Amino acid sequence: MNITVKRRIGPDPHEGGRQSSSSSGCPDILELDSGDFAIIGQDITAAAIPALPASAGCAAEERVIRIPREILLRAKGDIARLA
């Protein structure tokens with residue numbers, strides 16, 4: 001699979017001197033050249049599966065990812081312009 005990142009959706013998570021909770025990464029939302037999106041966040045699959053609604057599922061090759069609310073809210077303007 002060839003993945004190419006087209007752009008970040010929302011501001012840089014480190015903008016304005018913000019600090020990440022991890023020294024090796026940071027939650028982020030990325031748009032791919034294919035038009036799909038990639039999310040960088042904490043893998044909460046094991047804890048989330050028992051809490052999923054009955055009509056939701058997570059296949060073996062999928063993961064449930066948590067991103068901080070602030071990241072998604074700060075990306076809101078960029079997301080609205082994608083429509």
Side-chain angles (χ1 to χ4, degrees):
M1 177 185 306
N2 187 17
I3 302 290
T4 303
V5 174
K6 181 176 179 180
R7 63 182 163 173
R8 170 180 276 130
I9 302 300
D12 184 324
H14 297 118
E15 181 179 80
R18 287 184 171 82
Q19 297 294 312
S20 300
S21 58
S22 169
S23 61
S24 61
C26 194
D28 218 337
I29 305 169
L30 307 167
E31 183 179 5
L32 306 177
D33 272 352
S34 66
D36 291 335
F37 298 90
I39 305 295
I40 300 172
Q42 183 181 15
D43 182 351
I44 61 166
T45 305
I49 285 178
L52 293 176
S55 61
C58 185
E61 70 278 6
E62 296 176 326
R63 298 291 174 264
V64 180
I65 304 299
R66 182 183 68 83
I67 61 169
R69 178 181 176 85
E70 178 186 1
I71 296 293
L72 191 57
L73 293 178
R74 290 176 61 215
K76 183 173 119 176
D78 284 353
I79 293 168
R81 285 188 288 277
L82 293 171

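Since the structure is predicted, the reported quantities are computational estimates derived from the model, not experimental observations.
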(request) Kindly compute the distance separating CD1 (I67) from CG (D28), expressed to the nearest 0.5 Å. (result) 9.0 Å
(message) If I compare all heavy atoms of E62 with all of G57, which pair ends up nearest, and what's the gap?
(response) OE1-O, 3.9 Å
(message) Let me confirm one number: the CD-CD1 distance from Q42 to I65, rounded to the nearest 0.5 Å.
(response) 9.0 Å
(message) Would you say I29 ends up clustered with L73 if hydrophobic residues are merged whenever their side chains have heavy atoms under 4.5 Å apart, either directly or through other cluster members?
(response) no
(message) I'd like to check D78 versus R81 (side-chain heavy atoms, cut-off strictly below 4.5 Å). Are they in contact?
(response) yes
(request) Working to the nearest 0.5 Å, report the span between CD1 of I9 and CG of L72. (result) 11.5 Å
(request) Find out whether P27 and E70 are in side-chain contact, i.e. whether some heavy atom of one side chain is under 4.5 Å from a heavy atom of the other. (result) no
(request) Answer whether the closest heavy-atom distance between the side chains of V64 and R66 falls below 4.5 Å. (result) no
(message) Does any part of the side chain of V5, heavy atoms only, come nearer than 4.5 Å to the side chain of L32, both counted from C-beta?
(response) yes
(request) Answer yes or no: is there a side-chain heavy-atom contact under 4.5 Å between L82 and F37? (result) yes
(request) Sequence neighbours left out, what passes salt bridge (charged side-chain N to carboxylate O under 4.0 Å, His left out) with D33? Give chain and number order. (result) none
(request) Indicate the atoms forming the closest heavy-atom contact of H14 with D12, along with that distance. (result) N-OD1, 2.7 Å
(request) Treating Ile, Leu, Val, Met, Phe, Trp and Tyr as nodes and any side-chain heavy-atom pair under 4.5 angstrom as an edge, say whether L30 and I79 lie in one connected cluster. (result) no
(message) According to salt bridge (Lys or Arg N to Asp or Glu O under 4.0 Å), does anything in residues 36-51 pair up with another residue at least two apart or in another chain? List the pairs.
(response) D43-R63
